[in-house]
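Keep in mind the model is a prediction, meaning the values are calculated, not measured. Both counts, for ligands and for their atoms, begin at 1 and track the order of listing. Because only heavy atoms are used, hydrogens play no part in the values below, and waters and symmetry mates are left out as well, while side chains stay in.
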Amino acid sequence: MTYQGLIHRYGQYLDLPAHTKNISLLEGNTPLIPMPRLSKEFGCELFIKFEGLNPTGSFKDRGMTAAISEAVGRGAQTVICASTGNTAASAAAYAARAGLRSIVLIPEGKVAAGKLAGAIAYGAEVIQVQGSFDDALSLVVEITQKTPIALVNSINPFRIEGQKTSAFEICDVLGSAPDWLCLPVGNAGNITSYWAGFKQYQKGLPRVLGVQAAGAAPLVLGHPVDKPETIATAIRIGRPARGEQALEAAQESNGSIIAVSDGQILSAQRILASEGVWVEPASAAGLAGLIAESAVGKFDAKGKKVVVVCTGHGMKDPSIISESFQSPKVISANYESLIQVVGV
Ligand SMILES: *Cc1c(COP(=O)(O)O)cnc(C)c1O
């Protein structure tokens, strides 16, 4: 039978109310891509779970199919979220699919172009807040407490249910859980979901390495960060809604949560691209963390299965060309100029 989306495939494992009405864009079923060169370098079997290949370009679609399906079944007419960008695009797409009104609050000037464009294209009412993601989330919580508007941020429990499916897929492909799972941590919904998913599926448990950006690392510092700063805008969050659960996942799994610099993130992004996988900066944090831990002897991957979760597609954040890669050369439209640049 052809693939019919996550609720169809894994609904029996998801704690969704009976009123749920399946709204799907055939999200999930993303590839687990073997990375031969990185595997060789680290002496392990390394795979990328490429979540950038979801319908709106990030893993947010897994949770959004569940959250919107529940909201529609309950009779919601309008949904709202705060977003660093990808949640906005995803909420907008699933709301459009369901015929709902969608409102998204984003921190002014801090959302990557590809994400903002998506949210607008799918028809969301995009509101820029003069503040951080955390400020936007507080406003969203307040309005959903005082009005019938449905909240679809990852404090919505159905988002977590939907996002568990990536752990199920990994187990189904590998036959069991990997030895290590490395992933970026922002608001901490995803790490919470993976850990819940692996525990529920009972195909073994990975050690979890959660990775924050150094300028937005409340879980590493042990206190909220008032003015989070990082080039990895998807994890530019100073007060993670599920911080406690993230720390629990790291502790219970005998893993850890660490911070890496923007430079390390951009370097990991280039390494992934050099092996054919282009991800947005935040998505490279998992690999950056693995590299950093290996360098100090804290990541023993020898002979192990390692899954690095790449959460969003590179096309989401095209500004990276000017910031991290070489800009294209310009030549006159003649053969001499071409052969000079090509150099053969
Ligand atoms: C949302 C997001 C994250 C962070 O996930 P959390 O669940 O907030 O920890 C990381 N990378 C990308 C691309 C995202 O969109």
Side-chain angles (χ1 to χ4, degrees), residues 27 30 48-64 67 81-91 93 104 106-107 110-112 114-116 118-119 133-134 136-137 152-157 159-164 166-167 181-197 208-213 216-220 228 230-247 249-250 257 260 265 268-269 272 277-289 308-317 320:
E27 59 292 317
T30 57
I48 296 297
K49 180 66 169 161
F50 195 13
E51 291 289 279
L53 295 179
N54 274 293
T56 78
S58 84
F59 76 85
K60 298 299 198 298
D61 295 340
R62 293 181 184 274
M64 207 52 77
C81 65
S83 177
T84 57
N86 282 330
T87 300
S90 185
V104 304
I106 59 172
K110 297 292 183 187
V111 167
K115 304 179 187 180
L116 185 55
F133 166 84
D134 306 284
L137 184 57
V152 294
N153 274 103
S154 63
I155 33 183
N156 175 324
R159 286 273 309 276
I160 301 300
E161 286 303 306
Q163 287 174 194
K164 289 190 307 195
S166 189
L181 182 85
C182 309
L183 79 172
V185 176
N187 214 22
N190 210 25
I191 188 171
T192 299
S193 308
Y194 272 99
W195 189 237
V208 178
L209 179 67
V211 186
Q212 300 208 285
L219 300 178
V220 178
T230 169
I231 186 168
T233 50
I235 52 173
R236 188 175 170 277
I237 292 174
R239 288 173 195 276
R242 293 187 183 268
E244 287 300 320
Q245 284 159 285
L247 292 167
I257 299 197
V260 294
I265 287 174
Q269 186 193 32
L272 287 164
V277 178
W278 182 32
V279 305
E280 68 167 279
S283 297
L287 179 64
V308 175
V309 182
C310 286
T311 43
H313 203 284
M315 285 185 231
K316 290 277 190 169
D317 196 353
I320 208 63

### Query
Applying the side-chain hydrogen bond (donor to acceptor under 3.5 Å, both in side chains) test to Asp61, which of Asn54, Thr56, Thr30 qualifies?
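So the option named by the test is Thr56.
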### Message
Once salt bridge (Lys or Arg N to Asp or Glu O under 4.0 Å) is applied, do any residues pair with Arg159, and if so which ones, sequence neighbours excluded?
### Response
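For Arg159, no residue satisfies salt bridge (Lys or Arg N to Asp or Glu O under 4.0 Å) once neighbours in sequence are set aside.
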### Task
Could you tell me which residues satisfy salt bridge (Lys or Arg N to Asp or Glu O under 4.0 Å) with Glu161, sequence neighbours excluded, listed by chain and number?
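With neighbours one apart ignored, the set is Lys164.
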#### Entry: With sequence neighbours excluded, residues passing ring pair (Phe, Tyr, Trp, His ring centres under 6.0 Å) with Tyr194
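Tyr194: no ring pair (Phe, Tyr, Trp, His ring centres under 6.0 Å) contacts found.
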### Message
Regarding Ser193 and Gln163, do their side chains bring together a donor and an acceptor under 3.5 Å, going by distance alone?
### Response
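Short answer, yes.
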#### Entry: Thr311 side chain to Glu51 side chain, donor-acceptor N/O pair below 3.5 angstrom
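No donor-acceptor contact under 3.5 Å links the two side chains.
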Contact table, ligand 1 N/O with protein N/O, distance under 3.5 Å:
{"from": "ligand 1", "atom 1": "7 (O)", "to": "Gly189", "atom 2": "N", "distance (Å)": "3.1"}
{"from": "ligand 1", "atom 1": "7 (O)", "to": "Asn190", "atom 2": "N", "distance (Å)": "2.8"}
{"from": "ligand 1", "atom 1": "8 (O)", "to": "Asn187", "atom 2": "N", "distance (Å)": "2.7"}
{"from": "ligand 1", "atom 1": "9 (O)", "to": "Gly186", "atom 2": "N", "distance (Å)": "2.8"}
{"from": "ligand 1", "atom 1": "9 (O)", "to": "Asn187", "atom 2": "N", "distance (Å)": "3.3"}
{"from": "ligand 1", "atom 1": "9 (O)", "to": "Ala188", "atom 2": "N", "distance (Å)": "2.8"}
{"from": "ligand 1", "atom 1": "11 (N)", "to": "Thr311", "atom 2": "OG1", "distance (Å)": "2.7"}
{"from": "ligand 1", "atom 1": "15 (O)", "to": "Lys60", "atom 2": "NZ", "distance (Å)": "2.6"}
{"from": "ligand 1", "atom 1": "15 (O)", "to": "Asn86", "atom 2": "ND2", "distance (Å)": "2.7"}

